[in-house]
Structures are given as C-alpha cells and as structure tokens.
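In what follows, a single structure is set out as structure tokens and then discussed.
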Amino acid sequence: MRQRVLVASNRGPISFEFATDGSLTGLRGGGGMISGVTSGLAAVTPHADVTWICAALSDADRAVARQLDTGTCDPGGVPVRMLDIPPDIFDRAYNNVANSTLWFVHHLLFDTTNQPHFGLAFAPDWESYLTYSEAFADALAEEAGGPGSAEVRILVQDYHLSLVPRMLRARLDGGARNTRIGYFWHIPWAPPDYYRILPLEVGRALLDGILGADHAGFHAARWATAFLDCCAAILGADVDRAGSASTGPEGTGGAVIAGTVGRVRYRGHVTEVAVHPMGVDADALRARAEGADVRAHISTLGQAAGGRKLIVRVDRTELSKNIVRGLAAYRELLATRPQWRGRVMHLAFAYPSRSAVPEYRLYTERVRLLAQEITEEFGTADWNPLILEVKDDYPRSLAACVLADVLVVNPIRDGMNLVAQEGPVLSERGCALVLSREAGAAATLAADALLVNPFDISETADALDQALAMTDAERQRRSAAIAATAAAFRPARWLGDQLARLGT
Ligand code: G6P
C-alpha cells in the first residue's frame, strides 16, 4: 500500500486571484518554504499519495475552497485542500499572532521600550489563533483517518502552525493507525531571555504544541539549540542533548551542520530535535534561468549596467531583511571609497510583503527614501548608482543573480535564506557573497562567504569593498563552492531525511 503524506502550511503552493472579468486565476505561492517543500515533494509523489492542506488566504481562495466538490484542487500534481477559515479569525491568527508576535519574537524585532503590549486586545487574537490551529488539526485528522491502513506521515510547516502537532496528536490518539507527525520550523528561534517576552501561558502552549510532533526540524543548530533551551527553561521539560549531528568543515568552528541535536521528553512523549539545512535544486534553477523571460531581463539589466560591476540583493521588503542598513553600507562604500563611483551599480529588488502590518508599510517607505537619497547624492548624468525595484518579478530576480558580481544578504536574523544559495548557483561570472552571520545559511556557507555583523554598517561596507576587489579566480572558486554546498542540501534530501526520521 502506498504511503500517505500530508503537508500542512498556512500559505499553500497555489493562491487564486479574480481577473477583471470575475474568473479565477491560479498563481504559484511565494517564499522559500513553498519552493523548498514543493521541490522536495517532487521526489516523494511517485511513491506516495500526497495532499497539501493550507489556508484560503483571500476571497478568491475562499471562492475556490467553496467550489470544490472533492475538497481538493490539483494545480500542479499535488492535490491541495484549502481551509475556508472565517476572514476575521484568519486575520487575527495570521497578522496579529503569527506575523506581528511570533515573527517579531523569533527575529528579535521588538522595540521593547514600546512593544509588545499584551493587554486585553491580545485575548481575542490568541483565541483566533487557537480556532485557526484547530481547523488545521481537524482537517489533518480527517485526511489521516481515510480508508485503508497505509502509513501516514504528516509534515506540519512553520511558525503559523506551532500548536497543530499537539492538537493533532490528541485527535489521533484513539486510532491504532501508523501515523507519525513531523514539524518543521523555518525561521530562527529566540533565546529563552527573549522568548520570555511572550505571556507565560502562550510561550508554554507554543512549545507544548511543537512537542506533540515525533520529530521537530530546524535549518540551523543555533535555532534547534535555542528551542531545546526554551523547552528546558520555560516548560521544565526533560531535555537530552545527546545527538548524532555532523559538524561543518574546517573553518566553520566545528559548528553542527545537520543531524539530531537532542530529544525532549514532555507529557509522556518524546520529540526528536534535528537540524536539516535546506539548499536548492540547482539543476531546476539553472534550467529555469534559460527561459526566454529571464534571458530578456539579462539583456536589459546588462545594458543598464553598461559593463559596471553589479552588487545585487533580492528580498521581500521584510523588517528582518535589513535592507535599510544594506543600502546604508552601499552609501558608506561610495562615500569612503570614491574609486568605485561610476564603476559599480547596485540592483536592489525589494518586493512587497505583509502590507497589512503597519511596520512593514513604514519600512518600505524608509527603503524608498534612502534609495532616493543615494541616487541624489552620488548619481551623475551618465551613472545611476542604484536601481530599486519594488514590484515582484521572479524572472527579473533570476536575471539579476545570473549577472551578479556581488550578492548582499544581510538579514538581522533569518531561518536559512535561499537567495544566498540561489545567487551563486545562477551567477555566470561567479559572485562574491556578503552574508549576515545571523542567517541560518551562515552555518553551511561560512567557509566561502564574507560574513558580516548585520548591524555593523562599516563592516558591511568593508565586505562590499573586499567583494568588489576580489580576483576573478577567487570569486569563482568561492561561488562554485557555495553552489556545491547549496546543491548538496537540495530540497529532495531535506524532505527525504525528515521522512526517513519518521520511519519510511
Ligand atoms: C518567510 C519565511 C517562511 C514563511 C514565509 C511566510 O519566507 O522564511 O518560513 O513561511 O515567510 O510568508 P507569508 O508571505 O506567507 O507571510
């Protein structure tokens, strides 16, 4: 009997939009989690029956969810079941709890003098988050309890769904089915002292929720270890740190790269905690970059660069991505190293994200303003130092990576970061990677990237200078090494390793 694999995530692999004539169009879901899971599942679908459960994110998604007779649509080989969660519940769970609270805690983003305020207003937000999580647990339990006696493997994704493993376990416990629950946390994990910002019962519920899983995965050992620290400090759980993790190559300080880092026993159940770094599917990415749309952008961007060296960044306009300090470092480079003026161009692609959260709208304005200041300060009649694009354009982003001499990825904190890996895979001349040491990817790429403290603008400007001045041979060597590491941790391996841990 074929294995049954259920994936659950807030955003699914497809979302819908109403066209002007009222018809529905499907669009590929964005973000690293979606692309990694989609690519990883491609290796699983030939021998397993997969269903992906996600939330309906918009009115168009809800219209599709209501139209479905069978409960699922099948846009790209994987049946997708969209949960029609009432909009006000969804909004509170997604925007107020997941994005404005959990994301901020784990990326250490709060301006703690003023935020957060866990007052009366938080209670309905938390209630909504419980209701939203229950909708996922109900749907997963229903899918897992279908006819037959196949093995069921459930892969719950991301911080939105932290409560789901425990809720699901409670729903499954009555059955004797061979069902195992995996959970993956895609963002950083906060240290206990910062995690304590959360109201005690909330912080405990989130940890307990994840500990309902049989296996919990993180992209980097730092995040997995911080999770274990919180389990011990906040829950008083029994944490065994004996693992079988592999450590990085020389030069990475012996850091753990992949493997088990410990086990947590809590409420009579043991959860294995492990590191599974996510890389990229290099062959698929390179094949995509051969597309006519990408080639057309390569030609246009190449003309705009006019033979100058290109510094590229591609991010969602996301507070944690640190775009403002990245631009400030570029400004400092031009101010302190006048030799680069006229010889370099910065392509900054900063795509819209979570505009329902006020801080994101403000941040986007700061990015625009600083970009404008740089252009006014240094631009000349025949040299534009900076092109900022805020409209999402995937083929154009790939084209920029193909042309990059330097790639800047300087997040304040980041679970992994796939752009840091996609850039070197795609770059034709080989690109030097300026990488924040606070990105999960720093653990796998430390030996070949130029690591920076994301708060240190001068250090970042120095690294940009070093990257621009690097010899072609050195740049190509480092870029090829990063591309090889990224390919080694390809999503098929990322997902396959987790399924193996759940017992295939
Ligand atoms: C980033 C994180 C992912 C997360 C996604 C959600 O990409 O790395 O772990 O799933 O954000 O983004 P969304 O646009 O759905 O809020």
Side-chain angles (χ1 to χ4, degrees), residues 7-17 27-40 52-58 61 80 82-83 85 90-109 129 132 136 155-162 164 183-190 210 216-220 223 227 276-280 314-323 349-361 363-364 392 394 397 409 411-422 436 438-442 491 494-495:
V7 176
S9 62
N10 174 67
R11 184 180 292 278
I14 186 160
S15 59
F16 292 87
E17 261 183 16
L27 303 164
R28 170 185 174 273
M33 184 274 289
I34 298 292
S35 72
V37 176
T38 306
S39 163
W52 192 324
I53 293 170
C54 62
L57 303 181
S58 62
D61 283 358
V80 177
M82 284 191 174
L83 304 181
I85 298 169
F90 176 79
D91 177 56
R92 284 177 183 276
Y94 174 68
N95 285 314
N96 299 2
V97 177
N99 289 344
S100 301
T101 306
L102 304 186
W103 182 275
F104 274 60
V105 165
H106 289 290
H107 289 85
L108 319 184
L109 287 178
Y129 188 67
Y132 158 95
F136 274 91
L155 303 172
V156 180
Q157 305 299 309
D158 236 342
Y159 57 100
H160 314 87
L161 304 186
S162 356
V164 171
Y183 178 78
F184 203 90
W185 183 264
H186 288 268
I187 63 175
W189 191 280
I210 294 171
F218 294 81
H219 287 300
W223 318 140
F227 173 74
H276 301 279
M278 187 195 274
V280 300
V314 180
D315 307 276
R316 301 192 308 162
T317 309
E318 157 57 57
L319 309 186
S320 63
K321 298 295 183 188
N322 209 21
I323 303 170
F349 295 164
Y351 299 141
S353 177
R354 302 185 193 156
S355 49
V357 182
E359 286 90 342
Y360 282 64
R361 295 198 295 272
Y363 192 74
T364 306
D392 193 356
Y394 182 62
S397 302
V409 179
I412 288 173
R413 254 162 107 80
D414 210 335
M416 187 64 194
N417 197 291
L418 295 187
V419 174
Q421 308 182 65
E422 289 164 348
S436 165
E438 304 305 317
W494 174 81
L495 200 97

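Quick caveat: nothing in here was measured; it's all calculated off a predicted structure. First listed ligand is number 1; within each ligand, the first listed atom is number 1.
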Is there a donor in the side chain of Tyr132 and an acceptor in the side chain of Asn10, or the other way round, less than 3.5 Å apart? yes
List the closest protein heavy-atom neighbour of atom 11 (O) of ligand 1: residue, atom name, distance to the nearest 0.1 Å. Arg316 NH2, 2.8 Å
Is NZ or CZ of Arg28 both nearer than 6.0 Å to the six-membered ring centre of Tyr394 and within 45° of the ring axis? yes
Distance check, rounded to the nearest 0.5 Å: Arg413 atom CZ versus Trp189 atom CH2? 11.5 Å
The ring pair (Phe, Tyr, Trp, His ring centres under 6.0 Å) partner of His219 among Phe184, Phe227, Trp185 is Phe184
What residue among Trp103, Trp494, Tyr159 forms ring pair (Phe, Tyr, Trp, His ring centres under 6.0 Å) with His186? Trp494
Is there at least one pair of N or O atoms, one from Asn10 and one from ligand 1, spaced under 3.5 Å apart? no
At under 4.0 Å between heavy atoms, what of Arg354 touches ligand 1? The answer is side chain
Note the single closest protein heavy atom to atom 16 (O) of ligand 1, along with its residue, its atom name and the distance in Å. Tyr94 OH, 2.4 Å
protein heavy-atom neighbour closest to atom 8 (O) of ligand 1 works out as Ile187 CG2, 4.2 Å
Ranked by distance from atom 15 (O) of ligand 1, the top protein heavy atom is Arg11 NE, 2.7 Å
Check Arg316 with Asp392, please: is the shortest side-chain N to carboxylate O separation under 4.0 Å? no
Among all the protein's non-hydrogen atoms, which is closest to atom 3 (C) of ligand 1, and how far away is it? Asp158 OD2, 3.4 Å
